[in-house]
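No experiment lies behind these values; they were computed from the predicted model shown. Counting starts at 1 for both ligands and their atoms, in listed order.
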Amino acid sequence: MSLLEAATKVRENAYAPYSRFKVGAALRAASGAVYTGVNVENVAYPEGTCAEAGAIAAMCAAGERQIAEIVVIADSPEPVPCCGGCRQKIAEFAAPEVRVTMATLDGKTRSVTVAELLPGVFRAAHMDRA
Ligand code: THU
């Protein structure tokens, strides 16, 4: 199953009763294993946690730390850009050249690198003098 297929399939399990906007994410880690995630909302913080964060959490829980590729999908008119927080979370675990593909249910895709997704990223090296 491709990452796009995995993200599309897992999206059905999103818990988004407040926004009604279901998002699915699938990433391939360095080992080749695929980890998936969905957005999970709650009444106190309706934005909840993003699908990308869910997939990253699943990867970390399995003991992996390196994203090789990630796909995000939602039913939107245009591929939905990852939110700011997710850009930083993806950059934590992915090299600058790693592909991030955003997709719509009707087949539109937009593919960028992590460097394009988050230019000027804050990295641990910026704290080297601390
Ligand atoms: N959302 C994601 O899961 N990923 C994104 O990249 C954009 C937004 C979710 C969070 C919230 O549950 C809903 O979409 C509306 O913001």
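Under the side-chain contact (heavy atoms from CB on, under 4.5 Å) test applied with Val40, the options Thr49, Asn13, Val23 reduce to a single match, Thr49.
Pairs of residues two or more places apart, or lying in two chains, that qualify as salt bridge (charged side-chain N to carboxylate O under 4.0 Å, His left out) and include a residue from residues 50-79 are Arg28-Glu69, Glu78-Lys108.
Residues Val34 and Val10 do not share a hydrophobic cluster, defined by chaining ILVMFWY side chains whose heavy atoms lie under 4.5 Å apart.
The backbone N or O of Ala16 lies less than 3.5 Å from no partner atom in the side chain of Asn39, so there is not a single donor-acceptor pair.
Residues Lys22 and Val38 have side chains not in contact (no heavy-atom distance under 4.5 Å, counting atoms from C-beta outward).
Each of Ser19, Phe21, Val23, Asn39, Glu41, Glu47, Cys50, Ala51, Glu52, Pro81, Cys82, Cys83 has a non-hydrogen atom positioned under 4.0 Å from some atom of ligand 1.
Between Phe122 and His126, the ring planes are parallel. Angles under 30° get that label, and only those over 60° would be called perpendicular.
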